[in-house]
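Below: one structure, written as structure tokens.
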Amino acid sequence: MKHLSGGGGEGNSIGLVRRIMQTIMVFVGFAVLSMFLYNNNSASRFAFPATISHYFNAFSSQEYYDPNLKNILKNASMKDKTVILTTLNDAWAEPGSIFDQFLESFQVGGNQTQKLLDHLVVITWDQKAYSRCVDLHKYCYQLQTKGDNFTSEAFFMTPSYLHMMWRRIEFLGTVLELGYSFVFTDTDIMWLRDPFPQFYKEADFQIACDFFNGNSYDLHNYPNGGFTYVRSNPRTIWFYRFWYKSRVSYPTKHDQDVLNKIKMHPLITTKKLKIRFLSTGYFGGFCQSGKDFSKATTMHANCCVGLENKVEDLKIVLKDWKNYMGLNENHRKNSHPSWNVPKSCRGSFERAREKRKKNKGRL
């Protein structure tokens, strides 16, 4: 009897263990299912895969280990390891084109901007642009583009344009990984004043806007990737990887449109990335320009399609600015000048859109 009794106790113990294990497995199953459903829901809302491990792959090792790039960044950097970066191809580097106007804007701005040329690194897309750059500027770096030809003008939203924009994001991510903060500026932006006093001290990533609603914290602002100030830290390094990888989910979108898609993603909140949007009162453009010349810091030929249109209207910008800077201090304070642009750029977006529709119809 004792033997039978002992055997029953052991059987009860085994049964209890089995029931506990089954209960645990049920809870684990529910947990896994919940995580799957949540991630699927999150992915559908934001068009991203659920896993994030692939966002932590390094950028192009070619630039990361390039001693020439490291040397240029080191020589051009400010004391806090900040550089100013722009990109240039042959079409924009031609004499009398965008690059000449870009460099001239630093000269017109006086000592406030002229000194910043010592920290400007021009990233070129092709050999012609590189040759033109070294004739005019001391810090030039030719970016490897894996056989792509970016010599001619890359028309807005064409495959070449999209590839160029994403290659740019990849490169900027590499600069962050190398430990350098940067101001990135499109070459069709005129530098009128030193922008650094207007930047937010606590922000990780701050960006200009096509249209600014008055609240620099509001994620509903419409950003423009042509002008950014980014501090190198683990948050921004992660963010540029995340941004670059996100192109896969939006194959027909350029970097700016994808930024608009991901700026409210919960992962960005989790990473505590501090984003601020720059006022068009200081960092204006053809989409929305500031009215007060005493605050004007940059002027961007945005909302404008076509190289000739940009060149023509940026000449007008520089003329307006020269006239303003030519006034003595008292006259400047009492004057109320206004920008005489856009003229050539007006309607260029609509004309380009109609042209794309016609070409699409032919296909």
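Numbers here are sequence positions counted from 1. Atom set for the values below is all heavy atoms of this structure, side chains included, hydrogens, waters and symmetry mates excluded.
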>> Set out, in order, the CA-CA distance, both residues' side-chain angles and the distance that settles side-chain contact (heavy atoms from CB on, under 4.5 Å) for L85 and L172, then state yes or no.
In response: CA-CA 9 Å; L85 304 173; L172 293 177; 3.6 Å; yes
>> For C345 and C304: C-alpha separation, side-chain torsions, deciding distance, then whether disulfide bond (SG atoms under 2.5 Å apart) applies.
In response: CA-CA 5 Å; C345 286; C304 182; 1.9 Å; yes
> Can Q127 and S131 be said to form a side-chain hydrogen bond (donor to acceptor under 3.5 Å, both in side chains), step by step?
Replying inline: CA-CA 6 Å; Q127 182 59 44; S131 298; 3.3 Å; yes
>> Before you tell me yes or no, could you show the steps for V230 and F184 under side-chain contact (heavy atoms from CB on, under 4.5 Å), namely the whole-Å CA-CA distance, both residues' side-chain angles and the distance that decides it to 0.1 Å?
In response: CA-CA 8 Å; V230 189; F184 175 80; over 6 Å; no
>> I'd like to know whether E177 forms a salt bridge (charged side-chain N to carboxylate O under 4.0 Å, His left out) with R241, so could you lay out the CA-CA distance, the side-chain angles of the two residues, the decisive distance to 0.1 Å, and finally the verdict.
In response: CA-CA 10 Å; E177 289 194 345; R241 292 173 183 169; 2.6 Å; yes
>> Evaluate L192 against T297 for side-chain contact (heavy atoms from CB on, under 4.5 Å), listing each step before the verdict.
In response: CA-CA 5 Å; L192 309 176; T297 303; 6.0 Å; no
> Stepwise, does the ring pair (Phe, Tyr, Trp, His ring centres under 6.0 Å) test hold for F227 with F283?
Replying inline: CA-CA 9 Å; F227 191 87; F283 302 93; 5.3 Å; yes
>> With side-chain contact (heavy atoms from CB on, under 4.5 Å) as the criterion, how do L117 and Q107 come out once you've worked through the C-alpha distance, each side chain's angles and the decisive distance to 0.1 Å?
In response: CA-CA 9 Å; L117 287 171; Q107 304 292 344; 3.4 Å; yes
>> What verdict does the ring pair (Phe, Tyr, Trp, His ring centres under 6.0 Å) test give for F293 and W339, after you've listed the backbone C-alpha separation in whole Å, the side-chain angles of each residue and the deciding distance to 0.1 Å?
In response: CA-CA 9 Å; F293 272 47; W339 299 107; 4.2 Å; yes
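Between D313 and R346 there is no salt bridge, since no side-chain nitrogen of the basic residue lies less than 4.0 Å from a carboxylate oxygen of the acidic one. We find that D204 and R231 are not joined by a salt bridge, their nearest charged nitrogen and carboxylate oxygen being 4.0 Å or further apart. E202 and R276 are joined by a salt bridge, as a carboxylate oxygen and a charged side-chain nitrogen come within less than 4.0 angstrom of each other.
Closest of all the heavy-atom pairs between C209 and N302 is O-ND2, 4.4 Å. Closest of all the heavy-atom pairs between S246 and I262 is OG-CG2, 3.9 Å. Nearest heavy atoms, G179 versus K81: O-CE, 3.6 Å. Residues T236 and N233 share a closest heavy-atom pair of N-OD1, 2.9 Å. Contact between Q112 and K115 at its shortest, heavy atoms only, is O-CE, 3.5 Å. Across all their heavy atoms, L178 and L69 have their closest contact at CD1-CD2, 4.1 Å.
For D218 (side chain) and G214 (main-chain N/O), no donor-acceptor pair under 3.5 Å exists by modelled atom type. Formation of a donor-acceptor pair under 3.5 Å by the S279 side chain with backbone atoms of G281 is found in this model. Not one N or O on the side chain of K310 forms a donor-acceptor pair closer than 3.5 Å with the backbone of S97. Panel note: side chain S181, backbone T82; no donor-acceptor pair is recorded below 3.5 Å. In this structure, T113 contributes its side chain and F106 its backbone to a donor-acceptor pair below 3.5 Å. In this structure a side-chain-to-backbone donor-acceptor pair under 3.5 Å is present from Y139 to N75. Listed for the D255 side chain is no donor-acceptor partner under 3.5 Å among the backbone atoms of W166. One N or O on the side chain of D100 and one on the backbone of G96 form a donor-acceptor pair closer than 3.5 Å. With hydrogens and angles disregarded, a donor-acceptor distance shorter than 3.5 Å links the side chain of Q256 to the backbone of P223. Checking side-chain atoms of T228 against main-chain N and O of G225 turns up no donor-acceptor pair under 3.5 Å.
For the pair R132 and T124, the minimum side-chain heavy-atom distance is 4.5 Å or more. Here the side chains of Y229 and F199 are in contact, with some heavy-atom distance below 4.5 Å. In this structure, the side chains of I98 and V311 come closer than 4.5 Å at one or more pairs of heavy atoms. Using a 4.5 Å heavy-atom threshold, the side chains of T298 and M190 count as separate. Side-chain contact between K271 and I268: absent, with no pair of heavy atoms (C-beta onward) separated by less than 4.5 Å. Under the 4.5 Å side-chain criterion, counting only non-hydrogen atoms from C-beta, I275 is not in contact with Q206. No side-chain heavy atom of F277 sits less than 4.5 Å from a side-chain heavy atom of N215. Residues M299 and F286 form a side-chain contact, since some pair of their non-hydrogen atoms from C-beta on lies under 4.5 Å apart.
Aromatic ring orientation, F242 versus W238: parallel (interplanar angle below 30°, classes split at 30° and 60°). Aromatic ring pairs are classed by plane angle as parallel below 30°, tilted from 30° to 60° and perpendicular above 60°; the pair F182 and Y240 is perpendicular. Between Y141 and F171, the angle of the ring planes stays under 30°, which puts this pair in the parallel group of the 30/60° scheme.
Between the side chains of D126 and N89, not a single donor N or O lies within less than 3.5 Å of an accepting N or O. Under 3.5 Å, the side chains of H220 and N213 contain no donor-acceptor pair of N or O atoms. Counting only N and O atoms by type, the side chains of T280 and Q288 include a donor and acceptor under 3.5 Å apart.
Connectivity analysis of hydrophobic side chains (ILVMFWY, heavy atoms under 4.5 Å, direct or indirect) links V248 to nothing; its cluster partners are none.
Figure legend: cation-pi geometry between R247 and Y250 absent, as NZ or CZ is not positioned both under 6.0 Å from the six-membered ring centre and within 45° of its axis.
Ring to ring, F205 and F239 are close: their centroids are under 6.0 angstrom apart.
For the atom pair SG of C287 and CG of D210, the computed distance is 4.0 Å after rounding to the nearest 0.5 Å.
Both L307 and L318 sit in one connected hydrophobic cluster of ILVMFWY residues. Membership requires side-chain heavy atoms under 4.5 Å apart, directly or through other members. Both V258 and L273 are part of a single hydrophobic cluster, where members link through side-chain heavy atoms under 4.5 Å apart. Placement of Y130 and I84 in two distinct hydrophobic clusters is found when ILVMFWY residues are connected by side-chain heavy-atom separations under 4.5 Å, directly or transitively. In the hydrophobic clustering of this structure, Y217 does not group with L278; members are Ile, Leu, Val, Met, Phe, Trp, Tyr whose side-chain heavy atoms approach within less than 4.5 Å, directly or through other members. Hydrophobic clustering keeps V134 apart from F102 (ILVMFWY residues linked when any side-chain heavy atoms are closer than 4.5 Å, directly or through intermediates).
Residue pairs satisfying the side chain to side chain donor-acceptor pair (under 3.5 Å) criterion with at least one member in residues 320-329, sequence neighbours excluded, are listed as follows: E104-K322, D320-N340, N328-H331.
With a 6.0 Å radius and a threshold of 12 heavy atoms from other residues, nucleotides or ligands, K295 has its NZ atom at or below the threshold.
When each of T187, V122, L120 is paired with L103, the side-chain contact (heavy atoms from CB on, under 4.5 Å) condition holds for L120 and for no other.
Evaluation of the salt bridge (Lys or Arg N to Asp or Glu O under 4.0 Å) rule for D186 yields R168 as partners, not counting sequence neighbours.
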